Amino acid sequence: MMSSSIRATLRRVTPQLIILAAVLFLNFLVFPDFFRVEFQNGRLFGNLIDVLNRGAPTALLCIGMTLVIATKGIDLSVGAVMAIAGAVAASLVVDGYSWQTALLGALAVGMLCGIWNGILVAVLRIQPIVATLVLMVAGRGIAQLVTEGTILTFVNPGLVHLGSGTVVGIPTPILIWVFLGLAVAAIVRKTALGMLIEAIGINEGSSRMAGINSRVLITSVYLISGFCAALAGVIVAADIKGADANNAGLWLELDAILAVVIGGNSLLGGRFSILASLIGALIIQSVNSVILLSGMPPEFNLVIKALIIIAILVIQSPTVKHALYIIRASAQPLPSEPVKEAKESTQ
Amino acid sequence: MASDLSPVLECRGISKFFPGAIALDAVDLALYPGEVHALLGENGAGKSTLIKCLTGAYRRDGGSIILENEEISPQSTQDSQKFGIGTVYQEVNLLPNMTVAENLFLGRQPTRRGLISQKRMLEMSRELLAEFGLSIDPSEPLSTYSVAIQQVVAIARAVELSGKVLILDEPTASLDRDEVELLFSVIEKLKARGLAIVFITHFLDQVFEISDRATVLRNGRLIGTRTLANTTQTEIITLMLGRQLEDRIQDRAPAETGDTLLEIRNLGRRGMIEPFDLTIRKGEVVGLAGLLGSGRTETANLIFGAVQADQGEVLLEGQKIALRSPREAVSQRFAMCPEDRKSDGIVGDLSVRENIVLALQARQGWFRPLPKSKVNELAEAYVKALDIRLASLDMPIRLLSGGNQQKALLARWLATNPSFLILDEPTRGIDVGAHAEIIALIERLREDGMALLVASSELEELVAYSNRVIVLRDRQQVSELKGDEITTTNIVRAIADDPLAEAV
Amino acid sequence: MIRSTHWPLLVTIATFVLAYTLCAYQYPAMLSTRVLANLLTDNAFLGIAAVGMTFVILSGGIDLSVGSVIAFTGVFLAVILRDTSIHPLFAFVLVLVITVSFGASMGAMIHYLEMPPFIVTLAGMFLARGAAYVLSTDSVPITHEFYDTLQSLYWKAPSGGRFRLTGIIMLLTFAAAVVVAHRTRFGQNIYAIGGGLSTARLMGVPLARTTIGIYATSGGLAGLAGIVFSLYTSAGYSLATVGVELDAIAAVVIGGTLLTGGSGFVAGTFFGILIMGLIQTFIVFDGTLSSWWTKIVIGGLLFGFILLQKGLTWATTLRKKPATEFAAQS
Amino acid sequence: TIGFSQIGSESGWRAAETTVTKQEAEKRGINLKFADAQQKQENQIKALRSFIAQGVDAILIAPVVATGWDEVLEEAKESEIPVILLDRTVDASDDLYMTAVTSDLVHEGRVAGKWLVDEMAGAKCDIVELQGTTGSSPAIDRKNGFEEGIAGSDNLKIVRSQTGDFTRSQGKVVMESFLKAVGGENICALYAHNDDMAVGAIQAIKEAGLKPGEDIKIVSIDSVPDIHLAMLEGEANATVELTPNMAGPAFDALDAYFSNGVVPPKWIQTESKLYTLKDDNKHIYETKRYLGY
Ligand SMILES: Nc1ncnc2c1ncn2[C@@H]1O[C@H](COP(=O)(O)OP(=O)(O)OP(=O)(O)O)[C@@H](O)[C@H]1O
Ligand SMILES: Nc1ncnc2c1ncn2[C@@H]1O[C@H](COP(=O)(O)OP(=O)(O)OP(=O)(O)O)[C@@H](O)[C@H]1O
Ligand SMILES: [Mg+2]
Ligand SMILES: [Mg+2]
């Protein structure tokens, strides 16, 4: 029983793993020492560790974003929520509170933002893109209001530890996102939450008719998204020992959405895999790493990124997958076709 | 008839494979000009699939299509429309966001100087709809009209598109007698014009009324084609099911029933349904009859909390209860199979298994997941009990045939073990075999003490299982028939506001 | 006759009139022709881009690349006019060909590869901006007498407002788009796709042609917006118009078009643009907001407008609520 | 009434400029209308037009980019509203504005480059560069200036150059990758286009187990308080000041113009002062601390 579900999960993330391997190999090509990891100053040190470490904000964001997207929503405000959370955490420790208080305060504010989005979407029935656009625009202002427009720096070692510290040599952010990712994935799959969220994303009308409390569930996925964003915001602030309200998490919502899609999740909601999204986040970070390591002039950054992403998406697109399948199947006698037609009866 | 002519459209050896299922296995079909050809078979026999392969909506995996002696290979519905094949697919496939007129003329709008002429389009729409006995405003969005009206619009559109062949996949499933009559008169006209018409339905009476020949499919295989003039219903049923349908002795539902379960007082919502009173007892089936738009669906929705009432109250076993949402209704052990299974019923991408346990799980709450073994047990039990045909419990429910989806939905609600079950058109799109089973099931549930409220357009069916029948007209309850009063004739009279109705 | 489907449009217009009245009440100077002319001129490029965005959103898609395409167009024009001696008109044609094909290829990817528009156009957004960087990271001024001629085409209203060519181009674009949306088969097919892709397919809508056409139109209009922007600033700059796609989306949505597709009006977008412009003008007239309060107030006003619109729509449809709309209700 | 069109609040320095401008206006009793453009030129143009429509007495603008101002400046001129450019100039004929109060961005880069040349005194030195936002004029000018500054010193070589978007976190991330791609021990100096990126990079260097300021020399531009704090600890070596007080001279010029009709020179250049470890960094930090950086 157990092993079969593990096998199913593995099958689900195989394409993402292959792509990740390919992009990592690209890293290796531009920088042969890429895979070297050493133990230095009591911490693991190496490009691979950087990918895991720098991927933390996107990875954290995409945990919540996956759930939001599964309900057919989208959360554009996560970048701004990161800024708010960072600002709140920084201002709390600057005011002399302990790092625990600061962390809790930031998370609480993040969840509050999530609830706000959730209410707009689930109760007021505003379309998710627009509903979260409001906070995306205003949120950064709120963050700056907290920091009064400055980069609020702090020295609190506890808080700093969250961003640049290590636990048994492993950078804390890595531990945080891996732990949170596994925890959320487990909660969602070990309870019925995952199925109910998917049901809402596929057909909210039917789900409500079946007695699912879609309002509460939708609000809670935005809440989770706000929580993840807040955690990411605290990490980013802790990393540079300062809350940069204007730049923290800027445009990171797009990376998070991209990660979710590269993870093979449909933007139209429904079936989702958090694990695959996390791998998607690592893929994006590896692409960034290629760009940095290649030493190309920065003018080319975006073009390179765009081309790699397009390549990844094309390989992943249903049509290409289908074509590959046909090629493979034509070698065998009886074609049992994948569900291409499936598309036609959706909507 | 007409066999001396050559067929307009001929399919030879059409095959279609799905993962885990062979939907069509070398099926042949020949359509002659001026004939109505019924395509029959159980739920999941492959009728809709054949249509979709024929019209290019699906890519077929084998076989050829010959139109007027020329081999054609439509790649899309657009192609087949160009070839003069008009189709109404099983689920209404129109655009709810566009107006009725726009739906009717999409792709072939009347133009003046290269621009679409709205005025002409509206005029033409009115004329067209008048032929089908509809006098609705074609400039309103389609979504403002009921499923039935949408169905008629879809038919009207397909009729306009069909130069040679018209295909109707269960067009009458949500239609009333009057509409059916109208539709048949249109079909007769088209037939006279020399069109070949494919007619899919589960109503055998209608088949014999209008069709010339019938082709029967079973499990994706062609069983045979018969000229109906010299065939009996029993023979057709036997062909379809591969067995005899045993005649059940219909015992009239007893007038005596249990204690009062539900008491509805003055429940209503302005602009939707007039306030009404209704009492339902344990072990009682209350039927709702009425014409299209008479408010049966609205009544059901109101009682289930899917639509909020703006007045009145509901008492469950004497206790006042709140019904602000389906969730609250479900927690009171209510259950409802909605009329529009595509938009309010199935959760398409979830597996059949998940769809079956969905309502039960929703009632339990997300943090108390049903154990895997329990889920499997439930799903398997209901698949067996209701004879749901599927390749695997893991397949997405939207891949099931229409009738099997309906059964799966029924399973979803039975799994919650409700004390009060609302069924809105429960047998829509269900084949003869399953139809009988569902009627038997309703009777069994009643005998077990469950209270049921059933809205249906099929009067025979209502007569068969109802203890009482409420007749609705213009969103108002107009009369109530009890015991021996319940006959098809009486219901029809009540609906038609015939003063004689009250007399038995 | 007012049809029920036109309510969202009327609501948007009413919102605009109401807001303008309130603004003018507080700052009478906002009634001057200058402010009106500025609303048109300053939002011309955004308006044109938003027309394309309206089509895309009506079809149920989204185009995140418009801001980048505008920037690319500007840089391309500036570089080509600096480095070669071709006539600007020819350069316009050239750049429109490029942007139309760019849009068309995004449409083709969306249709043939069945990829979600959000992601395809996100990649397009990176690509177009990246291409602009590669052309030039500097801001390149455009100095061509033809540009001066075009810029000198304006009508000066009595109290100083200037109605410029670019504003007229925007108005013409809107007029043309209204006709296309409601009076051509292409337009109707857009609504059809927005109403439901699979249904549209079964009804025989030419999906490939329409989808590619939609994104090509959006790309082309972004190109036109880029030309207008280059006229507006006489320069090309690769960092210009960052995030314009979000402004365009906001304008479309404020204009009453549903992001889920299939329902909305091009004319609504026009008023959406005016409302957004009004918000900005109001903030500048006020002039006391700090950087962060500016953001908060913009966000707040955006929210206010959406809420107002929701409220008005709700009030106008309260009378009749078809049973079929259950899912959308409550 | 004076209208001030600010670019945005994308960096600490910019926030300080806004604060100082507001303070200076208050000091002089000027009614300042402030418009934040959220980093968008089109918003600045809109703001200018709105200022004109309101009929302000003068306009201050910190232009986000050099090009594209002719049309709107002409309108201002026609309405006889003097315009003063702050901290960046524009590519327009200079009769369209009254004066420009700016520092010389190229010069700043040059000062930084010169400092490094002197500091290294002929020793071989591989430099990594953290650029500002790709395409922004400070990034371009400060890059060119620095290259001019080190031109002719063959011992100095820029080995890697990548954008850090003027932000701390990107500065840190990019520095991390430099440290690995080039090898920390092979980097002798870091030149960052602003102090924020330098502050981020310092953290990356420390985490890699190296001593910023010693193992890797650090020179950057802006002179924000935090870099002085770093210099106090010996973790950064030099910074070139870009004063946030551009408005002071601008208001003075306007004052003179309105009261005596004195037309100011076309360019009022602010000083690009170099601060090194020799300066009293503690004092500088304390004085700058509350300027809203
Ligand atoms: N895309 C698909 N993938 C897998 N199986 C499918 C798919 N589409 C249909 N099927 C299966 O093919 C069989 C034939 O379905 P079809 O819809 O043609 O039945 P039908 O005869 O129209 O039944 P009904 O009377 O219920 O409408 C069914 O068993 C169904 O589950
Ligand atoms: N012939 C008609 N002309 C105009 N409007 C109609 C007509 N029939 C139905 N409607 C509209 O459609 C709405 C929905 O009615 P609906 O068909 O769901 O009711 P119903 O009694 O459940 O019928 P059924 O279950 O047979 O579809 C009605 O409230 C009415 O406004
Ligand atoms: Mg069928
Ligand atoms: Mg009904």
Side-chain angles (χ1 to χ4, degrees), chain A residues 74 76 120 124-131 133-149 203-206 208-209 245-246 251 254 257-258 261-262 266-268 298-307 309-310 313-314 316-320 322 343-347, chain C residues 62 64 68 109 112-120 122-137 195-202 238 242-243 246 249-250 253-254 258-260 289-300 302-303 306-307 310 326-330:
Chain A
I74 202 155
L76 292 183
L120 257 53
L124 298 182
R125 301 245 139 226
I126 300 174
Q127 306 176 60
I129 290 197
V130 201
L133 185 66
V134 171
L135 194 55
M136 178 187 184
V137 175
R140 220 160 266 290
I142 296 172
Q144 283 180 312
L145 191 66
V146 176
T147 64
E148 290 167 344
N203 188 340
E204 202 191 335
S206 294
R208 286 167 51 96
M209 280 296 230
N246 213 324
W251 301 121
L254 293 184
I257 296 167
L258 201 57
V261 173
I262 290 180
S266 162
L267 280 176
L268 296 177
E299 297 85 286
F300 292 97
N301 288 4
L302 273 179
V303 177
I304 300 174
K305 188 168 177 179
L307 292 179
I309 289 173
I310 291 174
L313 292 173
V314 167
Q316 277 208 340
S317 79
T319 315
V320 172
H322 183 73
K343 287 267 159 321
E344 280 150 31
S345 47
T346 37
Q347 273 267 333
Chain C
I62 201 154
L64 297 181
S68 301
M109 279 177 83
Y112 289 111
L113 300 180
E114 292 173 44
M115 301 205 295
F118 192 97
I119 289 304
V120 173
L122 181 63
M125 159 177 156
F126 290 153
L127 194 64
R129 184 141 336 249
Y133 281 145
V134 173
L135 281 177
S136 167
T137 48
L197 192 67
S198 51
T199 306
R201 186 199 321 257
L202 286 181
S238 46
V242 172
L246 290 179
I249 293 171
V253 170
I254 291 179
L258 288 188
L259 269 168
T260 36
L289 297 178
S290 63
S291 298
W292 36 98
W293 275 110
T294 306
K295 290 182 183 129
I296 299 175
V297 168
I298 292 179
L302 188 65
F303 178 60
I306 296 169
L307 219 55
K310 265 250 154 325
F326 154 65
Q329 191 210 11
S330 75

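All values below come from the heavy atoms of this structure, side chains included, with hydrogens, waters and symmetry mates left out. Throughout, a chain's letter reflects where its sequence line sits, starting with A, and its residues are numbered from 1. As the structure is a computational prediction, the values presented were derived from the model and not from experiment.
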Check your understanding: What residue in A/L133, A/N203, A/I309, A/I304 has the most heavy-atom pairs under 4.5 Å with chain C?
Key -> A/L133

Review point. Are side-chain heavy atoms of C/I249 and C/L259 found at a separation under 4.5 Å?
Key: yes

**Study point:** Option that, when pairs with chain A are counted at under 4.5 Å, heavy atom only, ranks first among C/V134, C/I119, C/V253, C/L302
**Key:** C/I119

Point to revise | Proximal component of A/N301, with respect to chain C [non-hydrogen, under 4.5 Å] | key: neither

**Study point:** Structural part of A/L120 lying under 4.5 Å from a heavy atom of chain C
**Key:** side chain

Check your understanding: Got a sec, which residues hit ring pair (Phe, Tyr, Trp, His ring centres under 6.0 Å) with C/F303, two or more places apart in sequence or on another chain?
Key -> A/W116

Exercise for review: Mind ranking C/I298, C/L258, C/T260, C/T294 by heavy-atom pairs under 4.5 Å with chain A and telling me who comes out on top?
Suggested key: C/L258

Study note, to complete from the structure: side chain to side chain donor-acceptor pair (under 3.5 Å) filter on C/S290, not counting sequence neighbours, yields C/W292

Review point. Atom CD in A/E204, atom CZ in A/R125: separation rounded to 0.5 Å?
Key: 4.0 Å

Review point. Checking C/I254 against chain A: side chain, backbone, both or neither under 4.5 Å from a heavy atom?
Key: neither

Exercise for review: Check whether any side-chain N or O of C/R129 sits under 3.5 Å from a backbone N or O of A/L302 as a donor-acceptor pair, and report yes or no.
Suggested key: no

Practice item. Heavy-atom pairs under 4.5 Å with chain A are the metric here; pick the option from C/V120, C/L122, C/I62, C/V297 that has the most. Key: C/L122

Practice item. For residues C/S68 and C/M125, determine if any side-chain heavy atom of one lies less than 4.5 Å from a side-chain heavy atom of the other. Key: yes

Point to revise | Flag, side chain of A/R140 to backbone of A/A245, donor-acceptor distance under 3.5 Å | key: yes

Study note, to complete from the structure: If you tally heavy-atom pairs under 4.5 Å between each of A/L145, A/L76, A/I262, A/N246 and chain C, the highest tally belongs to A/L145

Review point. A/V261 versus C/M115: any side-chain heavy-atom pair under 4.5 Å?
Key: no

Review point. In terms of heavy-atom pairs under 4.5 Å with chain C, which of A/V137, A/V320, A/I257 leads?
Key: A/V137

Check your understanding: If you measure from CG on C/L113 to CG on A/L313, what distance do you get to the nearest 0.5 Å?
Key -> 9.5 Å

**Study point:** Region of A/I142 in contact with chain C, defined by heavy-atom distances below 4.5 Å
**Key:** both

Revision key, fill the gap. Given C/S291, C/G130, C/G124, C/A128, the one with more heavy-atom pairs under 4.5 angstrom with chain A than any other is C/G130

Point to revise | Interface moiety of A/I74 toward chain C, non-hydrogen atoms closer than 4.5 Å | key: side chain

Check your understanding: So which part of C/L127 gets closer than 4.5 Å to some heavy atom of chain A, the side chain, the backbone, both or neither?
Key -> both

